[in-house]
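Nothing here was measured: the structure is a model prediction, and the numbers come from that model.
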Amino acid sequence: MHAIKRQKRNRIIILVTGFIVLMLLSVAGLTIGSSGLTILNIPELLLGKGDEVSRQILFHIRWPRVLAAILSGVALSVSGAVIQTVIRNPLGSPYTLGLSAASMFGAALAIVLLGYAAQHGIAQSLKNSPYLITLSAFIWGMACTFLITGFARWRGASPETLIMAGIILSALFGSATSLMQYISNDVELAAIVSWMFGDLGKATNQNTLFLLVVIIPSMAYFIYNTFNLSTLNAGDEVASSLGINVNRLRMITVLTASLCTAVTVAFFGVIAFVGLIIPHVTRRLVGFNETYVITGSAIFGALFLLASDIVARTIVAPVVIPVGIITSFIGAPFFLYLLFNRIKKR
C-alpha cells in the first residue's frame with residue numbers, strides 16, 4: 001500500500017514539475033527575440049501600457065507562437081499516445097496511419113492549383129486566401145482517416161489492419177506529393193517544401209483559437225475513456241469480456257486523434273516525431289496508467305515542442321529554422337532506437 005502511494009506521489013511530482021517548467025519556458029518564449037522585449041515589460045503591456053510596437057510583438061507574434069507550440073505539442077503527443085494504445089504498437093502515431101502524407105498532398109495540391117489559377121488569370125482572388133491551402137490539407141488528412149477506418153471496419157479493426165492501411169496510404173499520398181513537386185514551378189516547389197517542415201511562424205490568434213476548440217473536447221473524450229483504453233493493453237479479448245465495444249472504441253479514438261493531428265498539420269505543416277517519442281518518454285517517467293500517460297503526454301509534448309521552437313528561433317538568430325527540422329533531428333535517432341530495440345527483443 002505504501003509503495004502504491006509513493007508511486008502515485010512520484011508521478012504527481014513529475015507531472016507538476018513538468019508543468020512548472022512549461023510555464024517558465026512559456027515566459028521565456030514570450031521574451032526571447034531581437035526586439036528587446038523583456039519579462040519586466042510584460043506586466044505593463046498586459047495592463048495596456050507600453051509602446052504600440054511592443055504590444056503588437058507580444059500579442060500578435062510571440063503569444064500566438066507560444067500558444068501554438070503548446071497546443072500543437074498537446075495535440076500531437078496525446079494523439080500519438082492513444083494511437084499507440086489502441087493499435088498496441090510502440091511505433092504507432094498519426095503519421096504511421098498516413099495522415100501526415102495525406103495532409104502534405106492536400107497542401108501541395110492546393111499550392112499547385114492556386115499557382116495555375118494565378119498564372120492563367122482564373123479566380124485571381126483565390127491566390128490571396130491563406131486558408132485554402134489549410135483547408136485542403138485538413139480535408140485530405142481527414143479523408144485518409146476515413147479511408148483507413150472504413151477499410152478497417154470492412155476487414156475488421158485489428159491493429160495489424162490499421163497499420164497495413166496506413167502504410168499503403170502513406171506510399172500512395174507520398175507518390176502523389178512527388179508528382180505535385182515534379183509538375184510545380186520554382187515558387188510552388190519552394191512553398192511545398194516549406195510545408196514539409198512545420199513552421200509555428202504561421203500561428204495567429206485565430207488558428208490557435210480554432211485548435212483550442214478542437215483539443216478541449218478531444219482531451220475530454222480521451223480522459224473519459226482512460227479505463228477503456230487501459231483495458232486494451234491487456235488484449236481485445238479481456239476488453240470485450242469487460243463489456244467494451246473494442247472496434248467502436250478503436251475507431252472513435254483513431255478518428256478523434258486524427259482530427260487533432262489534421263488540424264495541427266493543416267495550420268502549421270508537418271511537425272514530425274512529436275507523437276512518436278513523447279508518449280514513450282512519458283511512459284518511462286509515469287508508467288502505463290492511461291490517465292497519467294495522457295496527462296503526461298500533454299504536458300511533456302507541449303514542453304518539448306515549445307523548447308524545440310525556442311531553439312529553432314535562437315540557434316542561428318536572426319534566422320528562424322522551421323521547428324519541424326529540430327524535432328526531426330531529435331526524433332529520427334529515437335525512432336531508430338525504438339526500431340532496433342524492438343527487433344532485438346524478437
With a 4.5 Å limit on heavy-atom distance, are the side chains of F273 and I330 in contact? no
Same cluster (ILVMFWY, side-chain, under 4.5 Å), I244 and F288: no
Tell me if a side-chain donor or acceptor on S230 pairs with a main-chain N or O of T226 at a distance below 3.5 Å. yes
Please answer whether the main-chain N or O of A191 pairs with a side-chain N or O of S194 as donor and acceptor at a distance below 3.5 Å. yes
State plainly whether one hydrophobic cluster holds both I111 and L109, where clusters connect Ile, Leu, Val, Met, Phe, Trp and Tyr through side-chain heavy atoms under 4.5 angstrom apart. yes
Considering all heavy atoms of both residues, which atom of S26 and which atom of I70 are nearest to each other, and what is their separation? OG-CD1, 3.5 Å
More than 12 foreign heavy atoms under 6.0 Å from CZ of F146: is that the case here? no
Test M104 against W195 for side chain to side chain contact (heavy atoms under 4.5 Å, CB included), laying out the working first. CA-CA 7 Å; M104 185 64 247; W195 262 86; 3.6 Å; yes
Is it true that a side-chain atom of S258 and a backbone atom of L255 form a donor plus acceptor pair closer than 3.5 Å? no
Considering all heavy atoms, the nearest V66-G29 contact: CG2-C, 3.7 Å
With clusters defined by side-chain heavy atoms of hydrophobic residues (ILVMFWY) lying less than 4.5 Å apart, directly or transitively, does V319 cluster with I310? yes
Steps toward side chain to side chain contact (heavy atoms under 4.5 Å, CB included) verdict (E290, N228): CA-CA 9 Å; E290 288 299 318; N228 295 339; over 6 Å; no
So S77 and F300, do their side chains get closer than 4.5 Å, heavy atoms only? no
Using atom types as modelled and distance alone, determine if a side-chain donor or acceptor of R313 lies under 3.5 Å from a backbone N or O of I32. yes
Give a yes or no on whether the backbone of G324 and the side-chain of T327 come within a donor-acceptor separation of less than 3.5 Å. yes
Which heavy atom of S100 sits nearest to which heavy atom of V270, and what is that distance? OG-CG1, 3.3 Å
Identify the heavy atoms of L305 and S72 that sit nearest to each other, and give their distance. CD2-CB, 3.5 Å
Those residues at least two apart in sequence (or on a different chain) that pass side-chain hydrogen bond (donor to acceptor under 3.5 Å, both in side chains) with Q7 are none
Could you work out, with side chain to side chain contact (heavy atoms under 4.5 Å, CB included) as the rule, every residue matching L135, not counting sequence neighbours? I139
Are there more than 12 heavy atoms of other residues, nucleotides or ligands under 6.0 Å from atom CZ of F59? yes
What distance separates I14 CD1 from T295 OG1, expressed to the nearest 0.5 Å? 13.0 Å
Atom pair CG (L211) and CZ (F267), whose distance is rounded to the nearest 0.5 Å: 7.5 Å
Less than 4.5 Å apart, side chain to side chain, heavy atoms only: is that true for C260 and V78? no
Side-chain contact test, heavy atoms from C-beta onward, threshold under 4.5 Å: evaluate it for R248 versus M251 and give yes or no. no
Taking atom CG of L209 as the centre, report whether more than 12 heavy atoms of other residues, nucleotides or ligands fall under 6.0 Å from it. yes
Looking at every heavy atom in both S170 and G98, which two are closest together, and how far apart are they? OG-CA, 3.0 Å
Just how far is it from atom CD1 of I223 to atom CG of L229, taken to the nearest 0.5 Å? 11.0 Å
For the pair L97 and T145, evaluate side chain to side chain contact (heavy atoms under 4.5 Å, CB included) and give the outcome as yes or no after the intermediate values. CA-CA 8 Å; L97 299 183; T145 302; over 6 Å; no
Parallel, tilted or perpendicular: ring planes of W140 versus F105, cut at 30 and 60 degrees: perpendicular
Side-chain contact test, heavy atoms from C-beta onward, threshold under 4.5 Å: evaluate it for M219 versus I216 and give yes or no. no
Okay, side chain of T134, backbone of A266: is any donor-acceptor separation there less than 3.5 Å? yes
Any donor-acceptor N/O pair, N225 side chain to Y221 backbone, under 3.5 Å: yes
Grab the two heavy atoms, one from F210 and one from V263, that are nearest each other, plus how far apart they are. CD2-CG1, 3.9 Å
Which distance, rounded to the nearest 0.5 Å, do you find between the NZ of K8 and the CG of N289? 9.5 Å
Could you walk me through whether V320 and R65 pass side chain to side chain contact (heavy atoms under 4.5 Å, CB included), step by step? CA-CA 13 Å; V320 179; R65 186 167 189 135; 3.5 Å; yes
Heavy-atom distance under 4.5 Å between the side chains of R11 and R6, does that happen here? no
Whether the side chain of T253 engages the backbone of R250 through a donor-acceptor N/O pair (distance < 3.5 Å, no angle test) should be reported. no
When you look at CZ of F197, are more than 12 heavy atoms from neighbouring residues, nucleotides or ligands closer to it than 6.0 Å? no
Taking side chain as C-beta onward, heavy atoms only, is L15 less than 4.5 Å from F19? no
Output yes when a side-chain donor or acceptor of S79 lies under 3.5 Å from a complementary backbone atom of A257, and no otherwise. yes
Side chains of V281 and L285, heavy atoms from C-beta outward: is any pair under 4.5 Å? yes
Between N207 and T204, does the side chain to side chain donor-acceptor pair (under 3.5 Å) criterion hold? Intermediate values first, please. CA-CA 6 Å; N207 57 33; T204 65; 3.2 Å; yes
When rounded to the nearest 0.5 Å, the distance separating CD1 of I87 from CG of L232 is 11.5 Å
All side chain to side chain contact (heavy atoms under 4.5 Å, CB included) counterparts of P279, not counting sequence neighbours: A81, Q84, R283, S297
Let me check something: do L172 and Y182 share a hydrophobic cluster, defined by ILVMFWY side-chain heavy atoms less than 4.5 Å apart, either directly or through other members? yes
Honestly curious: do V74 and L99 fall in one hydrophobic cluster under the side-chain, below-4.5 Å linking rule? no
Enter the distance from I20:CD1 to L25:CG here, rounded to the nearest 0.5 Å. 12.5 Å
Tell me whether S240 contacts the main-chain N or O of E237 through its side chain, where contact means a donor paired with an acceptor under 3.5 Å. no
